[in-house]
There are 2 protein chains.
Amino acid sequence: MLSLHQLTCFLAAYEHGSFTAAADELGYAQPSVSEQIRALEKSLGAQLFRRAGRGVVPTTVADTLRPYAERVLASVDAARSAVAGVTSFESGTIRFGMFGIARLYAGAGLIADVLDRYPGVRVELVGQNSTEVAEDLRRGRLEAAMLAVPTIESEGLAVTPVAREELVYISADPAHLAAPVTAHRLSLASLVMPETSYRTEDSTRQTLRRMLHGAGRNPSTRIEVEDLETAVELVGLGYADSVIPRGAAEQLLPRLAPSAGFVSLRPRQFDTFAIVHRAGAVLSPAARLMIELATRRIREIALPLEGSAHLS
Amino acid sequence: MLSLHQLTCFLAAYEHGSFTAAADELGYAQPSVSEQIRALEKSLGAQLFRRAGRGVVPTTVADTLRPYAERVLASVDAARSAVAGVTSFESGTIRFGMFGIARLYAGAGLIADVLDRYPGVRVELVGQNSTEVAEDLRRGRLEAAMLAVPTIESEGLAVTPVAREELVYISADPAHLAAPVTAHRLSLASLVMPETSYRTEDSTRQTLRRMLHGAGRNPSTRIEVEDLETAVELVGLGYADSVIPRGAAEQLLPRLAPSAGFVSLRPRQFDTFAIVHRAGAVLSPAARLMIELATRRIREIALPLEGSAHLS
DNA sequence: CGAAAGCATAGGTCTTTCCTAGGGCGGCGG
DNA sequence: CCGCCGCCCTAGGAAAGACCTATGCTTTCG
């Protein structure tokens, strides 16, 4: 079997014209180099050196092999340094999950943060379809993600909350915004709800469900849409009201629904942003970087956690 | 230490997305592949696969590594097939020693023989300076050569005679060619002698020295030149006579010395052509090829050996 | 919820690698 | 011309690595 070690020994011997000198250079004893060369000759089926009593002389086969051997070792070096480049963020791709409102809040800024620090990297922010991303996380195709979760516990996944965000009621009807919206009023409203968060267990909905359940009601969702923007537009057109994170409301309402406004719920309700990854996994440097940057971004915008704000 | 084996296992695992499938393809047990991957990850300092309970998932580092790993293995294959090309004479260089009159007799034809059979090869026929070639042979820089030798024995070299050739006396003076030249007449002649053969122990000269010694004389060389052609031209111009192999005379006289002719010595004298290589060496296929072709060429032109003609 | 699939670990065998010690041969200086 | 030195080889043993079987753990699927 041909090996890199054999090629290294071969090149050293070729350049020095001597097994002893090659062994010195490589830090081996002379018989070791001799043995490696013999193994290489056997595996190639050709003699590489003529043993001339004193010293060795490369054959024409050795002349032929040399540039190829050099190329092999060079491409090994290239492989090694490519990997080194990835692990030190000089190059390569960093993949991170961030979907729903989290992406809306910090997506572009997060990518800017990464590129400012490591101009050579490619960044993939995965988050088109929330159920797909959740599946990617669970199956290990995605290492970590930032998202809004309903509960802290999840099967096999480690969930680390980093911030929270108030949920507000949005409407194009000023009468609906006159006072904070109670569970009772919420249960009477006609709502359009987007599917923006973790799994079908959308955290906003789950929060609302809990709120209504306390009031003995069930949520009455009139319209279901895929994304937050569509929901906001529908609110702006007056077809329904909705409940979305405050940051999203501040950002989207002026653009998509200028006629609409927002008001708090009563009692106030909050979404939780969290970092999620497989429980028990050792995170890569890239994932740790993304987690750090995403956490910083989110904390700038969203509210601190209840109780002590624990910085990672 | 990074190894080719690890890269092979890595690629198989990457392509199958499974260590078990990779092991099946490579004919190993699953833990072996697992171990190789672990060693590779350790040597690169980066995780290549996320273990996802069932199956493994390549990381972005693995995505980066893959094309480099493929290039490494491809260049190893290239090295192997380059060597295979050399040993099967599809490509590469064949170096062979052939100097003095031997080259004059069979040089171009021999190269033609090789190129007809193996169009891809480069042929080097080494033989500019006889002492240099002898040194190359002795030091192992040259594997084998065809040349004219004085004796069958030589220090450390195996000498295999393959043919012999008569030595003739050439002159521009018809009177000198009237009858076969005896030792007595030779000792009186004014000669130009080229340095064409093995070492300073030129076989033609040594033969003549023996012949003259039998007659109690010493050879009287008037002019020393490097090559046979110059000597023949000088003979053509009438400055001196010479003794050269018959084949050389037949070939060179019409071209270089039209006015000159040749006559046998009395008793007849012969040069011996022989294959020379280091004693005890195993000859490469290339050397064996050259020896076979050169022997055939020489035998077509020169005389068979005394006694039984032993065909190799 | 049990069966199947897939990776990790453990422990043992076999091969490879590497060393030290000593022999042979060629080159070089006295 | 002869002895010394340098360099390669061989031999044999120790250490490391490769590979296997058996087994346990986790995930997936029926």
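The structure presented is a predicted model; accordingly, all values stated were derived computationally and were not measured. Chain A is the first sequence line, chain B the second, and so forth, proteins listed ahead of strands; every chain is numbered from 1.
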Run the ring pair (Phe, Tyr, Trp, His ring centres under 6.0 Å) check on B:Y28 and B:H5 step by step: do they pass? CA-CA 12 Å; B:Y28 295 132; B:H5 194 188; 5.3 Å; yes

With sequence neighbours excluded, residues passing salt bridge (charged side-chain N to carboxylate O under 4.0 Å, His left out) with B:R122: B:E124

When the nearest nucleotide of DNA chain D is assigned to A:R278 and to B:C9 on a heavy-atom basis, which residue is associated with the more 5' position? B:C9

Decide, yes or no, whether a salt bridge links A:E41 with A:R51 under the criterion of side-chain N to carboxylate O below 4.0 Å. yes

Please state how far atom CD1 in A:I37 lies from atom P in D:dC7, giving the value in whole angstrom units. 16 Å

Residue pair B:A84 / B:T87: nearest heavy atoms and the distance that separates them: O-OG1, 3.1 Å

OP1 or OP2 of C:dC18 less than 4.0 angstrom from a side-chain nitrogen or oxygen of A:H5, does that happen here? yes

Just checking B:G27: base, sugar-phosphate only, or nothing, at a heavy-atom cut-off of under 4.0 Å? sugar-phosphate

Rounded to the nearest angstrom, tell me the gap between atom CD in A:E41 and atom P in D:dC8. 13 Å

Interatomic distance, A:I275 atom CD1 to A:M146 atom CE [nearest 0.5 angstrom]: 3.5 Å

With sugar-phosphate taken as primed atoms, P, OP1 and OP2 and all else as base, the protein-contact string of nucleotides 5-16 of chain C at under 4.0 Å (heavy atoms; B, S, -) is BSBBB-------

Closest to side chain of A:Y28, choosing from D:dC20, C:dC19, D:dT27: C:dC19

Roughly, in whole Å, what's the span from CZ in A:F49 to C1' in D:dC7? 14 Å

Pairing residues for A:D63 by the salt bridge (charged side-chain N to carboxylate O under 4.0 Å, His left out) criterion, not counting sequence neighbours: B:R95

Interatomic distance where CD belongs to B:Q6 and C1' belongs to D:dG17 [whole Å]: 11 Å

